[in-house]
Amino acid sequence: HTDAQYGLGSMYFEGWGVEKDKRKAAELYAQAAEDGLRDAQYKLGKMYLEGDGVQKNISEGIELVKLAAISDFTDAQLLLASKYAKGENVEKNIQIAVDLYTRAIELGSIEGILGLGAILEDTDAEVQTNLDAAFLYDLAAERGSAKAQAKLANLYEKGITVEQDLQKAYSLYRQASDDGNKKAQFELGKLYVRGKGVPQSFANAHMWLNVAAAQGNEKAAELRDEIAAEMTKDQIAQAQAAASNCASTEYKGCTRLTGT
């Protein structure tokens, strides 16, 4: 019965097979939430926090999300952790955020790893945990998270919590870039511009910046246009052709240009 209420509520919330009616959805979610369904507690809590279909009520929203988090609903733990880390809608408390992210990690959440890692990158953060950012990002990277690979690469590039290793940074940025991470593609382009961890090459930089720009990275587009002024027409044409091939192969055919 409770699952049916939640399911019907979702139909009204999304407009699946019925006319969209978020107020009706909230009523159904509320019934399911009262019966202890954590999915409904989380969904209704978000509605109150955002004023989505209901009058905004921060305190009610937080309490509902807390109930779902206590019941090990990972999305609720992640949302609540983010709010405590930022001091958004609640009093800022980094330790509570750490504890919530840690529990989400125990439940298998890669987003929990990324969230906790971001906190631990701040070497001044006074928190109780046996984990560190590099270990966490490496853990998520091994599970195929391109975002984690890019974050771990950033640590090695800048020597944050680990010894600086530009070759390691390049390798990790490349892995994440091949998986389509536009942030990593931008950072990889910057390494080529500066000749950090790899021989300087404006053509290779242009290729990766172009690929990242095509995915909506505006800073990559700006830097690409800047270095284009230092390149020959042939180099630009070669880089553009390589970027086109890279994108068309879903980033699996991104070859390194030589002699440029």
Side-chain angles (χ1 to χ4, degrees), residues 42 46 68-69 72-86 94 96-123 125 127 129-192 196-198 207-209 211-220 243 246-247 249-254 256:
Y42 170 70
K46 278 193 69 180
D72 277 344
F73 193 70
T74 304
D75 285 346
Q77 293 167 337
L78 295 174
L79 177 60
L80 206 53
S82 174
K83 289 189 176 296
Y84 275 110
K86 299 173 185 175
I94 299 298
I96 291 178
V98 167
D99 293 343
L100 285 162
Y101 278 134
T102 300
R103 182 54 184 156
I105 292 169
E106 291 171 350
L107 295 171
S109 171
I110 286 182
E111 288 301 316
I113 291 175
L114 296 173
L116 182 54
I119 290 176
L120 298 181
E121 279 189 50
D122 180 2
T123 54
V127 295
T129 179
N130 294 323
L131 303 173
D132 64 71
F135 170 80
L136 289 167
Y137 291 152
D138 188 52
L139 183 65
E142 289 181 358
R143 292 170 58 182
S145 171
K147 187 180 291 186
Q149 290 170 339
K151 284 183 171 292
L152 184 58
N154 181 65
L155 296 185
Y156 278 108
E157 180 190 355
K158 298 176 180 176
I160 300 174
T161 74
V162 294
E163 185 175 349
Q164 186 180 46
D165 187 334
L166 295 177
Q167 283 71 39
K168 181 77 170 178
Y170 169 82
S171 177
L172 286 162
Y173 278 138
R174 181 58 199 258
Q175 290 176 47
S177 295
D178 288 347
D179 286 334
N181 185 279
K182 63 183 179 182
K183 171 67 173 173
Q185 292 165 348
F186 173 49
E187 296 297 336
L188 193 57
K190 286 165 62 179
L191 289 185
Y192 275 113
K196 291 179 62 177
V198 66
M207 179 192 76
W208 282 112
L209 294 170
V211 169
Q215 292 205 79
N217 190 312
E218 295 180 0
K219 290 184 178 179
C246 179
T249 58
E250 296 184 345
Y251 316 110
K252 303 306 180 187
C254 308
R256 182 186 293 194

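This structure is a prediction, so every number in the text was calculated from the model and none was measured.
- Closest of all the heavy-atom pairs between Leu120 and Ala133 is CB-N, 3.9 Å.
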Any chance you could lay out the side chain to side chain contact (heavy atoms under 4.5 Å, CB included) test for Asp132 and Val162, step after step, and finish with the verdict?
CA-CA 10 Å; Asp132 64 71; Val162 294; 5.9 Å; no
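- Between Val211 and Cys246, the shortest heavy-atom distance links the atoms CG2-SG, 3.9 Å.
- Side-chain contact between Ile105 and Leu136: present, with at least one pair of heavy atoms (C-beta onward) separated by less than 4.5 Å.
- A donor-acceptor distance shorter than 3.5 angstrom exists from the side chain of Gln185 to the backbone of Ser177, with no hydrogens or angles considered.
- Counting heavy atoms from C-beta on, the side chains of Leu155 and Glu121 come closer than 4.5 Å.
- Taking CG of Asp99 as the start and CG of Leu116 as the end, the distance is 9.5 Å to the nearest 0.5 Å.
- The neighbour count for Lys190 NZ, taken as heavy atoms of other residues, nucleotides or ligands under 6.0 Å away, is above 12.
- Note: Ile94 CD1 to Thr129 OG1 = 13.0 Å, rounded to the nearest 0.5 Å.
- Atom NZ of Lys83 sits about 14.5 Å away from atom CD1 of Ile96, to the nearest 0.5 Å.
- Ala213 approaches Ala220 most closely through the heavy-atom pair N-CB, 3.9 Å.
- The two atoms that bring Gly197 and Leu166 nearest to each other are CA-CB, 3.6 Å, heavy atoms only.
- You'll find the side chain of Phe186 reaches within 4.5 Å of the side chain of Leu209, heavy atoms only.
- In this structure, CD1 on Ile110 lies 12.0 Å from OG1 on Thr74, to the nearest 0.5 angstrom.
- Atom CD of Glu250 sits in a sparse spot, with 12 or fewer heavy atoms from other residues, nucleotides or ligands closer than 6.0 Å.
- A distance-only check finds no donor-acceptor pair linking the side chain of Glu111 to the backbone of Ala104 [under 3.5 Å].
- Pairs of residues two or more places apart, or lying in two chains, that qualify as salt bridge (Lys or Arg N to Asp or Glu O under 4.0 Å) and include a residue from residues 156-181 are Glu157-Lys196, Arg174-Asp178, Asp179-Lys252.
- For Tyr251, the OH atom is densely surrounded, since the number of other residues' heavy atoms within 6.0 Å is greater than 12.
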Just do the side chain to side chain contact (heavy atoms under 4.5 Å, CB included) check on Leu114 and Tyr137 with the steps written out, would you?
CA-CA 7 Å; Leu114 296 173; Tyr137 291 152; 4.1 Å; yes
For Lys46 and Leu79: C-alpha separation, side-chain torsions, deciding distance, then whether side chain to side chain contact (heavy atoms under 4.5 Å, CB included) applies.
CA-CA 9 Å; Lys46 278 193 69 180; Leu79 177 60; 3.8 Å; yes
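- One finds the OH atom of Tyr173 at 9.5 Å from the CG atom of Leu152 (value rounded to the nearest 0.5 Å).
- Listed here is the closest heavy atom pair of Ala140 and Ala148: CB-CB, 3.4 Å.
- Checking side-chain atoms of Tyr42 against main-chain N and O of Ala69 turns up no donor-acceptor pair under 3.5 Å.
- Between Asp72 and Gln77 the shortest side-chain heavy-atom distance falls below 4.5 Å.
- Using a 4.5 Å cut-off on side-chain heavy atoms (C-beta onward), Asn154 and Lys183 make no contact.
- For the pair Ser109/Leu78, a side-chain contact is recorded, criterion being any heavy-atom separation below 4.5 Å from C-beta on.
- Rounding to the nearest 0.5 Å gives a distance of 9.5 Å between CG of Asn181 and CD of Glu187.
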